Amino acid sequence: MALSHDVLVVGAGLAGMRAALAAQAAGADVAIVTKVYPVRSHSNAAQGGINAALNPEDSWESHAYDTVKGSDYLGDQDAIEILAREAPGAIVELERMGVVFNRDEHGRLGSRNFGGASHARTYFVGDFTGQAILHVLYEQLVKSGIRTYNEHFCSQLLADGGGAVAGVTAFDMRSGEVLQIGARAVVLCTGGIGRVFEPSTNALICTGDGSALAYRAGAPLMDMEMVQFHPTTLKSNGALISESARGEGGYLLNSEGERFMKKTAPNAMELASRDVVSRAAQIEINEGRGVDGCVLLDVRHLGAAKIMERLPQIRELGLEFAGADMITDPVPVLPGMHYQMGGIRTDVHGATPIAGLYAAGECACVSVHGGNRLGANSLLETVVFGRRAGAAAAEFASGRKAASLPESLRDDEERRLRTLVERPGTERTAALRLEMGTTMTRQVGVFRDEPTLRDAERKLALLRERFAGVSIGDKGRLFNQALVAALELDFMLDLARTVVAGAIARTESRGAHTRVDHPRRNDAEWLRHTLCHHTPDGPVVSTAPVTITQWEPTERKY
Ligand SMILES: Cc1cc2nc3c(=O)[nH]c(=O)nc-3n(C[C@H](O)[C@H](O)[C@H](O)COP(=O)(O)OP(=O)(O)OC[C@H]3O[C@@H](n4cnc5c(N)ncnc54)[C@H](O)[C@@H]3O)c2cc1C
């Protein structure tokens, strides 16, 4: 029997679950397709917290302004205003659903400091905030009875005769069976593209599948050059040491024991925005004041009791992957790929330019983060814009008849996947993936210039050609992870090229994008978004204006 729903959400992280619940509340029949069980989504890894101007002395305007400034004025201010205005309600809603946020000694919700914020407005659960929220939303999902296609890999978007999105194909990894699922509206909530870089703080599943599907279907990807390098990641495996370490009072030191942030951000110091801190740390390393390619994160002065109460998980990460106990030793850290500010362009209701296609969460670019995301604004974005996208998708679905898609589309997709599994070849997915990731880290990192980017562009084009020769070792149907990995690499190769294309096009330095050959921000020409359009020959870049409501661009100082 043909499967069909009013609204189909792809992805079951925070954005996906919030979107599904909102669509159901608006009266739609909803289902979720997810390649991992919902609670294994990367949202689970979020450590530091979620922002809202909830204290009486704080205001949504202050939160919005900090976000605009953090974005280096590339964020769209209408979207940022919505984010900041809806934040307090979103936190209270999560709390009422059951998220046990930290409370202060008076029993009130307690917040911590975070980078780039003028007030302590980050609400948290220890250093595992994402896990706490994800599990509570999952309870709501179970209660709702929303159908979840777990361990189903969405491999394609389907369109009706008029070009509107009308469903997806997905294969059940447990059986290998391909399904065709019709939908009057599809919401992509497929998360970040972290694994385009190697290493990354992101889970191995963060391969940008939905972003690539939308891009191939004709939706532009916006500001893809805006990749966040988090200042404190571990050298051995790229794992994140949360900003909460600095939020709680941690220092960054160079090999001379100097708090080097005083040179670039004398006021905010270690709590300047992430782009500023990452650049400063990378300069220390590049100019020979690093320690074995790292700088040092020192929280010893906080004392064992506070570290164990507020930072237990990251202490464990330091112990296990850097051999350093934060209670007694500084931990070596370096800037590493953490977050993609860019993504599928949407309006403030999550709508993409393709009828019936919506997006929210890290895969989308609405754009609230612009050139640089403030820590703890991303969890907020998932719930605020997840809810809005789910509601808008339900409304769109209610006004549209279900398209009758031919059943043969399922058979076509099955054939395509079979051919991929059976084709001969000598290339290995893992080797190409590693080459792509290390090229991106070395050549499209914190500091960039045209010749190095052009060389990366050439290397990626060659990797795309070599992908045609990939042989999939596992010829079976059940849990064919080799097939999944090849499909993910196929997506990532497209996305890597959009990051490089955006970085070549943007001949200025703004936010996380630093061009050493164009060291200044250039508002006259580049107070604009880049848009990457898919063509068979690779990405083509155009630009679009930034929405300014009340904050005119000025120089950014911390
Ligand atoms: C280590 C770490 C710490 C972080 N800490 C913070 C923090 O403290 N505060 C903050 O604000 N932000 C933080 N972030 C960022 C934030 O966690 C993410 O941006 C956010 O959780 C993304 O949520 P999402 O719902 O968009 O996607 P995800 O949670 O990544 O979920 C993606 C979903 O898409 C599904 N999916 C993907 N591809 C397919 C496919 N082909 N078919 C079917 N399903 C698919 C997956 O199964 C998954 O369910 C952190 C990120 C990392 C990596």
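What you are looking at is a predicted structure, and each value in this text was computed from that prediction instead of being measured. In each ligand, atom 1 is the first atom listed, and ligand 1 is the first ligand listed. What you see below is based on every heavy atom in this structure, not just the backbone, and it leaves out hydrogens, waters and symmetry mates.
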Student: Keeping the roles fixed (side chain from Thr169, backbone from Gln180), state whether a donor-acceptor pair exists under 3.5 Å.
Tutor: no
Student: Mind checking side chain to side chain donor-acceptor pair (under 3.5 Å) for Glu488 and listing every partner two or more places apart, or none if nothing turns up?
Tutor: Lys35
Student: Between Phe197 and Phe229, what is the ring plane arrangement, given parallel below 30°, perpendicular above 60°, and tilted in between?
Tutor: perpendicular
Student: Would you say CZ of Arg103 has more than 12 non-hydrogen atoms from neighbouring residues, nucleotides or ligands within 6.0 angstrom?
Tutor: yes
Student: Between Asn377 and His369, is a side-chain contact (heavy atoms from CB on, under 4.5 Å) present by the stated rule, with each step listed?
Tutor: CA-CA 8 Å; Asn377 262 354; His369 310 303; 4.0 Å; yes
Student: Using a 4.0 Å cut-off on heavy atoms, what residues surround ligand 1? Order them by chain and number.
Tutor: Val10, Gly11, Ala12, Gly13, Leu14, Ala15, Val33, Thr34, Lys35, Val36, Ser41, His42, Ser43, Ala45, Ala46, Gln47, Gly48, Gly49, His152, Phe153, Cys154, Cys189, Thr190, Gly191, Thr201, Asn202, Asp209, Leu240, His338, Tyr339, Gly361, Glu362, Arg373, Ala376, Asn377, Ser378, Leu379, Thr382
Student: Would Glu139 and Lys143 satisfy salt bridge (charged side-chain N to carboxylate O under 4.0 Å, His left out), going step by step from the backbone distance to the final call?
Tutor: CA-CA 6 Å; Glu139 288 168 3; Lys143 190 166 87 178; over 6 Å; no
